[in-house]
Protein chains: 2
Amino acid sequence: MRSYGQYCALAKALDVIGDRWTLLIVRELLLRGACRYTDLKNGLPGIATNLLADRLRDLESAGVIERRDEGRYALTPWGEGLHEPIYALGRWAGPLMQERGDAAFRPQWLRHMVIARFEGSDPQRRDMVVEVRVEGGEPAALVSSAGRVHLVRGAAASPDVVLSGPPDGVAGLLGGRLSIAAAKSRGVKVGGDAARLAGLRPRTGLPA
Amino acid sequence: MRSYGQYCALAKALDVIGDRWTLLIVRELLLRGACRYTDLKNGLPGIATNLLADRLRDLESAGVIERRDEGRYALTPWGEGLHEPIYALGRWAGPLMQERGDAAFRPQWLRHMVIARFEGSDPQRRDMVVEVRVEGGEPAALVSSAGRVHLVRGAAASPDVVLSGPPDGVAGLLGGRLSIAAAKSRGVKVGGDAARLAGLRPRTGLPA
DNA sequence: CCGGATCCGGGTTGATACTG
DNA sequence: CAGTATCAACCCGGATCCGG
């Protein structure tokens, strides 16, 4: 990318990650850890293969990613630091997630939404396990424990709540944009004690 | 901009602010409040006039900015929400600010750097006034009071410390990348009790 | 001077085909 | 699997021009 030529931190940041597709590549690496070329291509529907190769080269020479064993790509420690701006952007764009339309979806992106909303520790958070089954993806378990929320792969052993349905419905409910009733009307099935979901307590602005 | 067509909050955010120059326009509006077209053009050295007009149209139709009285452009409440991701990106890019080279500089960007590093309240922060005189700009006063740091226009009445010199030296010192000695070797003059600067206490990760 | 609009050359992106 | 090659379409940058 052409540099903005401005002695300003934001402009310098955009010199590195401002190109088209670049930040989405970092998103995939944040979500999934070290990835192979084909994993990235699959997690970035719509990218042209030459652009992916170009961006990976640029990111590596900028020091954001590095090549690991077996040709895997991974973020450097500095690259991991893009965590904060990326999730901040995701939270900002929450209102744009109302309609899915015909946009592509990958189940791993649900993890992104959960991190954006429940990141950090909240002592008042209730312990619980929510099984999440989004159409077209493998099941995952949202685990709230010791004040923190995680999303792990695989079905839950004994979930308190089970959520299943289309991506936009499940995402709207987990993202706090849809009430349980509204989510149901979008095709989401809620099993178990739905009222417990309120105990997840989304972040208010406190990280760490 | 062409949409990524992905049902992911980050991709949706980039659909809106991912175009070249767009986030820098928002930076100027965050720093200076409502701006006229010419103010923006001046704060964005290197932008082509047609691109500025295009971006302003796009941002308005997306709901990020709105036109006020006398043709001024201002952020909407949603647009103001870009504060967090923008300053997070600025903090991430701190290491890239080592060398100024021949990059353009505007004195108002110093404010951006101060916000990125000292944003939020810290009860252990010491009260003080630091006058900042960067070459080519009008003087400003960095005021630490009641745990918060602000940068206001104009010379200080009775500053505890006076900083003056070239942009990269002053920015390096305020940004924590240069020691006082290193900043002096880059042409920064430090008047008053330089040791007091340590009492500013940069943010550790706690907002609000 | 302010606030753009128009035009054009060159660079970037996107889609597809191809290769070790 | 992991890219490279090619080429058309689009976007960006720079210059110029125009109405108030």
With a 4.0 Å cut-off on N to O distance, would you call B:Asp15 and B:Lys12 a salt bridge?
no
What I want to check is whether the side chains of B:Arg27 and A:Gln6 have a donor and an acceptor closer together than 3.5 Å.
yes
Quick one: label A:Arg57 by what it contacts on the DNA or RNA (base, sugar-phosphate, nothing), any heavy atom closer than 4.0 Å.
sugar-phosphate
Salt-bridge contact B:Glu119-B:Arg117 (side-chain N to carboxylate O under 4.0 Å)
no
What I want to check is whether the side chains of B:Tyr73 and B:Arg36 have a donor and an acceptor closer together than 3.5 Å.
no
Considering the options A:Leu56, A:Asp58, A:Ile25, which one meets the side-chain contact (heavy atoms from CB on, under 4.5 Å) requirement together with A:Ile65?
A:Leu56
Protein-proximity profile, nucleotides 7-20 of chain C, B/S/- by nucleotide at the 4.0 Å heavy-atom cutoff, equals B-----SBBBB---
Which word best sums up how the rings of A:Tyr87 and A:His83 line up, parallel for under 30°, tilted for 30 to 60°, or perpendicular for over 60°?
tilted
N/O contacts under 3.5 Å, protein versus nucleotides 1-3 of chain C?
{"unit_1": "C:dG3", "atom_1": "OP2", "unit_2": "B:Thr38", "atom_2": "N", "d": "3.2"}
{"unit_1": "C:dG3", "atom_1": "OP2", "unit_2": "B:Thr38", "atom_2": "OG1", "d": "2.7"}

For atom CD of A:Gln6 and atom P of D:dG13, their distance in whole Å
11 Å
Using 4.0 Å as the upper bound for N to carboxylate O, is an ion pair formed by B:Arg203 and B:Asp122?
no
Cationic N near anionic O, under 4.0 Å, B:Glu66 to B:Arg68
yes
